[in-house]
Amino acid sequence: MQEQKDAGTHREPYDQYRDMIMMANDGIIVIQEDKITIANPALLRMLGYEGNELLGKPVNTILDIATAHFYEEAQESAHWGELDRPSFR
């Protein structure tokens, strides 16, 4: 891979991914600590929201009751930040 020498064209990977998310035709949401941090225009159109209306809100804002329950269970069972080691007995 060749390094870009022109500092003006170098962009952080986060910015590049964010741009791809924002241009996508599919609805995409990014969630951090159960809060919506990015919602692309396609998702906003699908759900009837505008602009930054969803940013910072809990993800449960856009989930139906059954999906919210499934999401919470998945988060609890994921053990985020922990290493799952196999048990050898």
In terms of heavy-atom contacts, does CG of D15 have more than 12 from other residues, nucleotides or ligands at under 6.0 Å? yes

Any sub-3.5 Å donor-acceptor pair from S77's side-chain atoms to A74's backbone N or O? yes

Apart from M23 itself, members of its ILVMFWY cluster (side-chain separation under 4.5 Å) are none

Compare all side-chain heavy atoms of Y49 with those of I62 and state whether any distance is below 4.5 angstrom. yes

Other hydrophobic cluster members with Y17, side-chain heavy atoms of Ile/Leu/Val/Met/Phe/Trp/Tyr under 4.5 Å, chained? M20

Give me the other members of the hydrophobic cluster that M22 sits in, counting Ile, Leu, Val, Met, Phe, Trp and Tyr linked by side-chain heavy atoms under 4.5 Å, directly or via other members. Y14, I21, I28, V30, I38

Run the side-chain hydrogen bond (donor to acceptor under 3.5 Å, both in side chains) test against E72 and tell me which residues pass, sequence neighbours left out. N60

All heavy atoms of D26 vs all of M46, minimum pair found to be C-CE, 4.1 Å

Spacing of L54 atom CG and I29 atom CD1 [to the nearest 0.5 Å]: 6.5 Å

With D34, which residues qualify under salt bridge (Lys or Arg N to Asp or Glu O under 4.0 Å), at least two apart? none

Looking at every heavy atom in both L63 and V59, which two are closest together, and how far apart are they? CG-O, 3.5 Å

Pair Y71-I31, side chain to side chain contact (heavy atoms under 4.5 Å, CB included): steps then yes or no: CA-CA 12 Å; Y71 171 80; I31 303 164; 3.7 Å; yes

Residue pair A39 / L43: nearest heavy atoms and the distance that separates them: CB-CD2, 3.9 Å

Look at atom CG of D64 and say whether more than 12 heavy atoms of other residues, nucleotides or ligands are closer to it than 6.0 Å. yes

Once side-chain hydrogen bond (donor to acceptor under 3.5 Å, both in side chains) is applied, do any residues pair with E50, and if so which ones, sequence neighbours excluded? none

Taking all non-hydrogen atoms of both residues, which atom of A24 and which atom of A42 are closest, and how far apart? O-CB, 3.8 Å

